**Q** 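Next up is a structure, given as structure tokens.
Since the structure is predicted, the reported quantities are computational estimates derived from the model, not experimental observations. In what follows, every heavy atom counts, from backbone to side chain, and hydrogens, waters and symmetry copies are set aside. Note that ligands are numbered from 1 as they come in the structure, with each ligand's atoms numbered from 1 the same way.
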Amino acid sequence: MRTFNNIKTFASSVNENRRFLFEVVGVSQQESNTLDYPIRKSGSVFIAVPYARMNQEMNRINRLGGKIINITPIDGLTPVQSPSQGSSTTTETQPMTQSEPKAKKEKKEVKVPVNIYRPKNPYVGKCLENYELVAEGGSGTVRHLTFDLSAGDLHYLEGQSIGIIPPGEDDNGKPHKLRLYSIASTRHGDNRDDKTVSLCVRQLEYQNDEGETVYGVCSSYLCNLEVGADVAITGPVGKEMLLPDDEDATIIMLATGTGIAPFRAFLWRMFKERELNPDYQFKGLAWLIFGIPYTQNILYKDDLEKMAADYSENFRLTYAISREQQTADGGKMYVQSRVSEYADELFELIQKPNTHVYMCGLKGMEPPISETFTAEAEKRGMNWDDLRKQMKKEERWHVEVY
Ligand code: FAD
């Protein structure tokens, strides 16, 4: 159980003091002695379980034919309902399900703003800054842009996107359609006054069939935007990538390139803006696996590494630098290669009821990551498709690829 010990060591300082009360039915008096707890009149047994032992205890109860009908954090937080555990191998190792996950419950209280500004009547804001994020010698152009929102009512949450309408017309003489961009700033904005929004934009550049270089319309417009210029903005949109309010959650973030944008917002909220969020003091575990081609392409490198150093108990940073690092078998190191390398550890984390997995960036990252998790699930007698669906239902599986 080397890997499990690793997880324990890793998460110990965060979680080891937390305990949960399991309410169990379906065990006989004799079996309840094995569980070391008396059966109540109601037929229930109550067992206090340290956080780190939740999975093992569930398996033990399952082996004894018991069913967990309720799980309550002993520190007085919101009760969560139990997994329904059967006797098959699959259910034995099934993740804990929550009929009303804490994250979901708390999210209901926060109103998620959507479509405050629509394409017919966009918000027009000024560009406050536009700077290059790729260091000398890196590949392509990626810019960090900040827009002024002070003249309107545009507000948003971490994980949402905004639309940008580039000026001019398309080949059919119609006004350009909006393009979506993930918001890279927190709700407070880079100026910490709730009056800006920031993006992280890669200029699309490719060779067409004739061998000519083609540049994307909106990404080129944004990457070349002058400070002080007006920009037409719509939105915000998106509920897929919201960050749960649970301060103890485990947040696994898998990013390629500009897929870092929503995770920059998450990490700033967790670690860089603690004093702005008295009601959100992150104490859980955040793990970013970030794929880029070269070291020079590590977007927001200094900030990420400083946070990883300052909050080493709560933030783990892993790079996959495809053109520089190799896998054990000599292949290129992509995000999915890192997922494969840490598959056992990641899979153990995924089974915790308050672990969320986020994926953002290139479309191609999803299938190989699914393959890795399929294999890990099989090793444990589980079915990844079922588990992923379950996680999606519990709002713990979040994908935004483009
Ligand atoms: P366009 O001028 O619209 O050109 C795009 C078209 O070019 C494609 O439809 C395709 O037909 C063609 N094309 C593209 N590549 C090739 C190729 N290799 N070979 C041949 N043809 C090709 N982008 C970011 O940079 N940062 C973000 O944070 C971000 N977040 C997003 C969030 C969401 C939810 C979504 C849906 C997209 C996001 N995007 C992001 C992508 C962004 O919306 C645009 O699609 C991107 O900037 C390209 O737009 P464009 O106008 O520059 O390109």
**Q** What residue pairs, at least two apart or across chains, pass side-chain hydrogen bond (donor to acceptor under 3.5 Å, both in side chains) with a residue in residues 164-185?
**A** Tyr156-Ser185
**Q** Below 4.5 Å, heavy atoms only, C-beta onward: do Glu129 and His144 meet side chain to side chain?
**A** yes
**Q** Looking only at N/O atoms, are Tyr181 and ligand 1 under 3.5 Å apart anywhere?
**A** yes
**Q** Give the contacting part of Cys200 toward ligand 1: side chain, backbone, both or neither, where contact means a heavy-atom distance below 4.0 Å.
**A** backbone
**Q** Considering only non-hydrogen protein atoms, determine which one is nearest to atom 49 (O) of ligand 1 and report residue, atom name and distance to 0.1 Å.
**A** Arg179 CG, 3.8 Å
**Q** Would a search of protein heavy atoms around atom 52 (O) of ligand 1 find one under 4.0 Å away?
**A** yes
**Q** Check whether any protein heavy atom sits under 4.0 Å from atom 23 (N) of ligand 1.
**A** yes
**Q** For the ring pair (Phe, Tyr, Trp, His ring centres under 6.0 Å) test, which of Phe263, Tyr280, Tyr311, Phe266 pairs with Phe271?
**A** Tyr311
**Q** Is it the case that ligand 1 has an N or O less than 3.5 angstrom from some N or O of Glu400?
**A** no
**Q** Determine yes or no for a side-chain-to-main-chain donor-acceptor pair under 3.5 angstrom, with His356 supplying the side chain and Glu395 the backbone.
**A** yes
**Q** Please report which non-hydrogen protein atom sits nearest to atom 43 (O) of ligand 1, along with the residue it belongs to and the distance in Å to one decimal place.
**A** Leu180 O, 2.6 Å
**Q** Mind checking whether Val217 has an N or O less than 3.5 Å away from an N or O of ligand 1?
**A** yes
**Q** Looking only at distance, does Arg202 have an N or O less than 3.5 Å from an N or O of ligand 1?
**A** yes
**Q** How about Thr295 and Lys301: do any of their side-chain heavy atoms sit closer than 4.5 Å?
**A** yes
**Q** Flag the pair Glu158 / Ile183 as yes when at least one side-chain heavy-atom distance between them is below 4.5 Å, and no otherwise.
**A** no
**Q** So Trp397 and Phe373, would you call those rings parallel, tilted or perpendicular, with 30° and 60° as cut-offs?
**A** perpendicular
**Q** Out of Leu178, Leu204, Asp170, indicate the one that has the non-hydrogen atom closest to atom 5 (C) of ligand 1.
**A** Leu204
**Q** Is Cys218 close to ligand 1, meaning an N/O of one under 3.5 Å from an N/O of the other?
**A** yes
**Q** Only one of Arg202, Glu132, Glu205 passes side chain to side chain contact (heavy atoms under 4.5 Å, CB included) with Thr141; say which it is.
**A** Glu132
**Q** Quick one, Trp287 and Leu349 - any side-chain contact, counting heavy atoms below 4.5 Å?
**A** yes
**Q** Which option wins on minimum heavy-atom distance to atom 14 (C) of ligand 1: Tyr402, Tyr215, Tyr206?
**A** Tyr206
**Q** If we only count N/O pairs under 3.5 Å, is Ser182 in contact with ligand 1?
**A** yes
**Q** I want to know if ligand 1 touches Val201 in the polar sense, i.e. an N/O pair below 3.5 angstrom.
**A** no
**Q** Got an N/O contact under 3.5 Å between Ser161 and ligand 1?
**A** no
**Q** Nearest 0.5 Å please: distance from the CD atom of Glu394 over to the OG1 atom of Thr355.
**A** 11.0 Å
**Q** Please check atom 10 (C) of ligand 1 for a protein heavy-atom neighbour under 4.0 Å.
**A** no
